[in-house]
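Keep in mind the model is a prediction, meaning the values are calculated, not measured. All heavy atoms count here, side chains included; hydrogens, waters and symmetry mates do not.
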Amino acid sequence: MSVPTKPEPANALTNEVSNLDLATSEKPYLDSNELVINMGPQHPATHGVLRVILKLDGEKVLGTECVIGYLHRGVEKIAENRTYTMFNPYVDRMDYVAAVSNGLGYCEAVEKLLNVEAPPRAKYIRVILTELNRIASHQLWLGTHALDIGAMTPLFYTFRDREEILKIFEKYCGARLTTHAFRIGGCQYETYAGFEKEVENYLAFLPPKIDEYEALLTGNRIWLERTKNVGVISAADAIALGVTGPVLRASGVKWDLRKAQPYAAYSDFDFEIPTGKNGDTFDRYMVRMVEMRQSLRIIEQAVGRIPEGPIMAKVPKVIKPAVGEIYHSIEAPKGELGYFIVSDGSTQPYRVRVRPPSFVNLQALDIMVRGMLVADVVAVIGTLDIVLGEVDR
Amino acid sequence: MTPGMAPVATPFFFYLLSGLAVLGGVLVITRRNAVHSALALIVTLLAVSGLYLMLYAPFVAGVQIIVYAGGIMVLFLFVIMLVNIERTAKERQFNRIWPAGVLAAVALLGLFVSVYVKGKRLFPDSNLPLPETSNTQQIGVMLYGNYMFSFEIASLLLLVAILGAVIMAKKRI
Amino acid sequence: MSYFGSQLSPGVAGNQLWALIYISIIFAGVSVAVMAMNWLERKALAHFQVRLGPMRVGPHGLLQPIADALKLLLKEDIIPAEADQFVFWIAPLIGLLASFTVYTVVPFGPSQAVSDMNIGILFMLGVSSLGVLGIVMAGWASNSHYPLIGALRSSAQMVSYEVAMGLAVVSAILMTSLNESGTGTLSMIEIVRAQQQQGIWFIFKFFPLGLIAFVIFAIAMVAETNRAPFDLAEAESELTAGFHTEYSGLRWSLFMLAEYAAMIAVSSIAVTLWLGGWMRPFPNALSAPAWEFLFSLFPALTFGGLAGIGFLGAARMPSHSFFKIQRAGLAVFAALLGLLALLLLVIAIAGRNADNSIAARFREGIDYVYWFVLKVAVFMYLFIWYRATWPRYRFDQLMKIGWKVMLPISLGVLIVTAIVGVIVK
Amino acid sequence: MVPITTLHYLVVAAALFVLGLIGVLTRRNVVIVLMSIELVLNAVNLNLVAFSRMWGNLHGQVFSIFIVVDAAAEAAVGLGILIAFFRNKETINVDEIDLLKW
């Protein structure tokens with residue numbers, strides 16, 4: 001029986017704004033089990049307050065629509081009413097699992113606007129802390145992602161090991177999660193006594209633990225079946241959607257801002273950018289696992305040769321950049337984190353626009369899950385590694 | 001059961017089970033909501049399976065529970081869920097010719113009654129001995145002996161039914 | 001006491017009083033086992049996951065299940081406004097009834113069973129398959145999407161895996177017929193006796209045929225009880241809680257009770273069919289009275305060991321006044337276990353002669369139940385272990401495994417077993 | 001109490017049969033009609049098993065097993081048809097299923 005149906009959009013670019021047509025009354029083919037399900041905002045697997053409206057045919061996903069904004073706090077607007085220095089702690093509240101990266105991006109953007117450069121020692125400390133934060137972020141991702149797929153145990157292992165990183169943060173700047181570790185122009189705090197020793201201990205401590213995670217998951221047949229060929233996104237689609245970070249690299253595009261436009265002290269270090277082939281959930285998993293090891297490699301190089309010297313550049317007490325605008329982006333754990341700052345010459349920015357990696361990556365959800373099953377939606381939301389604080393800002 | 005032992009409280013269980021069965025039957029054909037009907041039918045099926053046990057037919061009782069209550073009724077419930085439209089429960093439940101249907105059924109009941117009343121002596125009060133302990137084995141022997149051909153045909157029937165059901169329920173034919 | 005000396009189960013002997021006593025014991029025992037399992041699962045899972053688990057209510061959280069039960073009993077009983085009240089109300093009862101009725105034919109010993117039907121295993125499979133009705137009804141009656149999908153999933157899953165499970169069971173039943181008379185049996189007690197007569201647990205029979213059938217059953221039974229890695233029906237990350245999303249309080253606890261009771265029930269099927277039921281290891285080879293006596297010490301030793309662990313735990317508690325009551329509680333608990341061990345020891349010694357004295361009967365009964373429960377406990381631990389280790393299957397993969405892997409293998413095993421059986425005979 | 005004879009079972013079976021028949025003839029909901037057919041088949045089964053008990057042989061029981069097989073096949077195909085029908089006409093009332101083609 002041939003019944004006319006609505007043509008499926010060929011790829012993401014031809015999608016309409018709303019790809020669900022929930023209100024449409026005409027039903028081309030009377031289907032007995034077409035369901036519309038609200039996944040979230042209160043749902044264990046949406047990582048906060050993401051709401052996904054799923055149109056299902058039985059278990060098959062016909063379309064999705066993300067409803068965001070439940071965690072909107074108006075961070076960008078707040079920036080317009082704060083001085084540059086006062087806004088610095090706010091950026092930690094966006095991607096709260098990678099607060100250090102957020103701070104780094106903002107500080108470097110303002111430094112660029114001011115035409116100052118952080119001293120080398122500060123840069124090295126920044127790199128160490130940011131890479132530790134990348135590991136922490138990936139660990140949290142791994143735990144929750146595995147939990148979404150049904151493996152409970154990795155969650156506790158990763159949280160146990162993430163704790164050690166948080167302890168280092170706490171000792172360094174007094175905060176564990178929203179660290180506010182960096183200042184415009186460098187770092188506020190000198191490293192504490194024994195900092196290098198502790199980081200080195202961690203370097204020895206983590207690799208066996210990563211092996212442990214991999215022992216639980218990488219070879220596990222159920223894990224392979226749940227992740228291979230699930231949520232595939234091609235390199236072309238990923239680039240077209242602006243997807244960045246591990247999600248893009250898993251599709252085979254070797255794009256990492258740490259190499260492409262080195263910031264901080266990254267040009268000093270030797271490390272590799274892992275890429276995947278198929279762009280499926282398993283590749284994204286592997287890319288992040290390798291990234292953790294590569295981060296360790298960077299830290300290992302950095303911690304051995306932190307240069308002596310000041311940790312703050314000369315920055316005026318009252319920051320008043322010249323009129324102008326700047327876009328600066330860094331490679332956050334989740335992808336390209338960019339800050340676009342417009343200065344009108346006053347003490348407060350005229351406009352701050354954040355390009356959050358989670359928000360952009362979340363766009364890919366629809367084309368990744370179309371035709372897959374409900375269980376895959378959960379897996380794909382997990383693999384995108386979104387943080388709703390950053391999506392909604 | 002050990003031979004020679006009288007079954008416990010037979011009349012009581014008989015009336016209980018048959019009462020449940022008939023009550024369930026009445027509910028099946030009167031409920032508005034198909035799920036309630038299905039529930040009632042399950043009660044009937046279980047009660048009938050109890051009656052089988054009282055008739056020394058444990059294997060049939062087991063088959064009744066597994067196939068009917070555990071299989072067919074799940075299928076029914078499944079389909080009721082899939083085609084669950086609230087409209088159906090609010091509509092007229094009986095078709096227009098229901099008086100004729102009831103009349104025919106009652107006439108049949110009259111026939112049954114008259115046959116049973118007239119032919120009461122055809123049914124002996126005492127039953128012939130039926131081996132209960134080896135019931136399953138004997139049924140197995142009969143199924144694979146006397147009824148071999150029928151058994152094969154039944155399996156063929158099931159195969160055809162499976163294929164038919166799959167094709168019927170497929171999305172687009 | 002005339003019944004007590006007989007070798008029959010009360011259902012077979014027609015002894016209603018003892019049947020009632022057995023039913024009460026089993027009901028209470030299973031309920032306690034479910035509570036213990038609840039504690040054990042949380043505790044074992046916690047230790048798998050480098051955490052401590054319940055530690056607050058009682059020493060090492062020993063009173064946690066009781067606190068949970070109390071909380072659930074006292075909770076407000078919510079029925080959603082749009083739910084079908086009657087079906088919503090009756091669904092958990094159906095599940096509970098199905099999983100508890102099964103225990104009427106579970107043979108804890110040659111006479112330690114409520115009854116012995118000659119369709120025992122058929123009855124068990126049939127009644128446990130009724131549990132799916134409760135799940136379907138719960139999902140439908142909640143009148144909500146997540147429960148509905150959960151119910152559809154779990155009913156499809158349970159019906160599919162029943163097939164492989166049944167075929168695996170058939171191949172074990174086939175093995176019971178390899179005796180002189182050539183007639184097999186469906187009776188649970190007779191199945192164990194057949195293993196005794198043939199001198200081998202069916203898991204090792206025709207190696208590896210029995211083992212394969214056993215493994216298929218062991219996988220299918222996890223799927224039947226909706227446990228990880230087949231817990232799609234209640235996949236928390238996907239369907240919040242599956243078919244019991246809308247349930248709370250007492251009704252929810254009934255579902256939990258039914259689930260755990262069903263787990264114990266299917267484990268006891270596996271134990272009966274493949275692991276020699278109530279029999280101790282090597283009942284034929286090591287049948288000398290000395291061996292008999294040695295094995296009869298095991299229950300006492302087990303409880304003694306548990307008591308030892310309890311005392312050790314009490315001794316290892318931090319010496320702080322805060323832990324005083326906890327330490328005392330744990331010590332008392334360990335002491336109770338020790339007393340039990342002592343009692344078992346006395347019984348084992350008093351009943352060491354295989355005469356028909358009451359002590360000997362008691363000792364035998366305790367041995368039977370002990371070995372049966374021990375084997376079931378291993379399965380319970382496996383259930384927890386699975387849950388700690390594995391991710392969850394996706395629905396289509398689950399179906400694929402059920403129909404394309406397990407079913408052909410179990411069919412093949414059945415056929416090969418039949419052929420080998422004929423050849424051996 | 002009178003002892004339970006075959007006739008008792010036959011009466012129960014007759015009652016179930018008639019109830020099933022009434023269901024088949026009067027209800028509009030196809031699902032319930034199919035369930036009524038199951039009732040009828042059960043009544044027949046009960047008769048067969050009762051007669052099997054009366055004559056002391058197992059032919060009746062074997063027959064009833066065949067009928068159970070039949071019932072399973074009938075339910076599967078019937079419900080399959082029902083689903084196909086529901087997809088196309090969105091109704092499950094028998095008196096609206098009166099066209100062979102649409």
Q: Side chain, backbone, both or neither: which part of D:Tyr9 has a non-hydrogen atom closer than 4.5 Å to chain B?
A: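 Interface part for D:Tyr9: both.
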
Q: Under 4.5 Å heavy-atom distance to chain D, tell me which part of B:Tyr147 shows up: side chain, backbone, both or neither.
A: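 Backbone plus side chain of B:Tyr147, per the 4.5 Å heavy-atom cut-off to chain D.
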
Q: In chain order, what residues pass the ring-ring contact (aromatic ring centres under 6.0 Å, His included) check against B:Phe78, with sequence neighbours excluded?
A: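 B:Phe78 satisfies ring-ring contact (aromatic ring centres under 6.0 Å, His included) with no residue once adjacent residues are dropped.
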
Q: So which residue, D:Leu25, D:Leu19, D:Val31, ends up with the most heavy-atom pairs under 4.5 Å with chain B?
A: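 Greatest number of close heavy-atom pairs with chain B: D:Leu19.
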
Q: Quick check for you: among B:Val22, B:Val160, B:Thr44, which has the greatest number of heavy-atom pairs under 4.5 Å with chain D?
A: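 Most pairs with chain D among the choices: B:Val22.
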
Q: Looking only at heavy atoms and a cut-off of under 4.5 Å, which of B:Phe151, B:Trp98, B:Phe112, B:Tyr116 has the most pairs with chain D?
A: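 Top option by heavy-atom pairs under 4.5 Å: B:Tyr116.
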
Q: Please examine the side chains of D:Phe63 and B:Val60, heavy atoms only from C-beta on, and report whether any two atoms are closer than 4.5 Å.
A: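 No; the side chains remain at least 4.5 Å from each other.
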
Q: Rounded to the nearest 0.5 Å, how far apart are CE of B:Met142 and CG of D:Asn57?
A: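 The CE atom of B:Met142 sits 6.5 Å away from the CG atom of D:Asn57.
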
Q: For chain B, which of D:Asn42, D:Ile65, D:Leu7 has the most heavy-atom pairs under 4.5 Å?
A: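 Top count of heavy-atom pairs under 4.5 Å with chain B: D:Asn42.
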
Q: Hey, can you pull the donor-acceptor pairs under 3.5 Å for the side chains in residues 33-41 of chain D, sequence neighbours left out?
A:
unit_1, atom_1, unit_2, atom_2, d
D:Ser36, OG, D:Ile32, O, 2.9
D:Glu38, OE1, B:Tyr68, OH, 3.1

Q: Please identify, among B:Gly164, B:Gly24, B:Ala38, the residue contributing the most non-hydrogen atom pairs under 4.5 Å to chain D.
A: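 Of the options given, most contacts go to B:Ala38.
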
Q: Please look at B:Val102 and chain D and tell me whether the side chain, the backbone, both or neither of the residue comes under 4.5 angstrom of a heavy atom of that chain.
A: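 Contact with chain D involves both backbone and side-chain atoms of B:Val102.
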
Q: Give me the atom names and distance for the closest heavy-atom approach of D:Asn29 to B:Ala34.
A: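 D:Asn29 and B:Ala34 have their closest heavy atoms at ND2-CB, 4.1 Å.
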
Q: So, for D:Ala76 and B:Ala165, which heavy atoms are closest and what is the spacing to 0.1 Å?
A: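 Of all heavy-atom pairs spanning D:Ala76 and B:Ala165, the closest is O-CB, 3.6 Å.
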
Q: In terms of heavy-atom proximity below 4.5 Å to chain D, should B:Ser37 be classed as side chain, backbone, both, or neither?
A: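 Both the backbone and the side chain of B:Ser37 come within 4.5 Å of chain D.
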
Q: Which region of B:Leu41, side chain (C-beta onward) or backbone (N, CA, C, O), has a non-hydrogen atom less than 4.5 Å from a non-hydrogen atom of chain D, or is it both or neither?
A: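 Only the side chain of B:Leu41 comes within 4.5 Å of chain D.
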
Q: Shorter than 4.5 Å, heavy atoms on both sides: which option in B:Ala105, B:Ser155, B:Pro99 has the most such pairs with chain D?
A: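 Max contact count across the listed options: B:Ala105.
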
Q: Can you tell me which portion of D:Leu16 sits under 4.5 Å from chain B's heavy atoms? Options are side chain, backbone, both or neither.
A: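 It is the side chain, since no backbone atom gets that close.
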
Q: Under a 4.5 Å heavy-atom cut-off, does chain B meet the side chain of D:Leu82, its backbone, both or neither?
A: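 Only the side chain of D:Leu82 comes within 4.5 Å of chain B.
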
Q: Taking every non-hydrogen pair under 4.5 Å, which of D:Ala13, D:Ala14, D:Ala43 racks up the most with chain B?
A: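 The residue among D:Ala13, D:Ala14, D:Ala43 with the greatest pair count is D:Ala14.
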
Q: Go through the steps for B:Leu109 and D:Phe17 under the test side chain to side chain contact (heavy atoms under 4.5 Å, CB included), then give the verdict.
A: CA-CA 9 Å; B:Leu109 185 66; D:Phe17 191 94; over 6 Å; no

Q: Are D:Leu46 and B:Tyr52 side-chain neighbours, meaning at least one heavy-atom pair lies under 4.5 Å?
A: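 Yes - at least one pair of side-chain heavy atoms lies under 4.5 Å apart.
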
Q: Does the side chain of D:Val12 come within less than 4.5 Å of B:Phe14's, by heavy atoms?
A: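 Yes, close enough: below the 4.5 Å cut-off.
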
Q: Specify the closest pair of heavy atoms between B:Leu55 and D:Gln61, including all atoms of both residues, with the distance to one decimal.
A: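 Scanning both residues completely, I find the closest heavy atoms to be O-NE2, 4.4 Å.
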
Q: When heavy-atom pairs shorter than 4.5 Å are enumerated against chain B, which of D:Val69, D:Val77, D:Val49, D:Asp70 gives the highest number?
A: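 Highest number of pairs under 4.5 Å: D:Val49.
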
Q: Looking at B:Ile29 and D:Arg27, what are the two nearest heavy atoms and their distance?
A: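 That would be O-NH1, 2.8 Å.
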
Q: Measuring from atom CG of B:Leu51 to atom CZ of D:Arg53, what distance do you get when rounded to the nearest 0.5 angstrom?
A: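 Answer for the CG-CZ pair, B:Leu51 versus D:Arg53, is 13.5 Å.
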
Q: OG of D:Ser52 to CD1 of B:Ile139: how many Å apart, nearest 0.5 Å?
A: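 These two atoms lie 7.5 Å from each other.
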
Q: For D:Ala75 and B:Ile72, which heavy atoms make the closest approach, and how far apart are they?
A: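 For D:Ala75 and B:Ile72, the tightest heavy-atom pair comes out as CB-CG2, 3.7 Å.
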
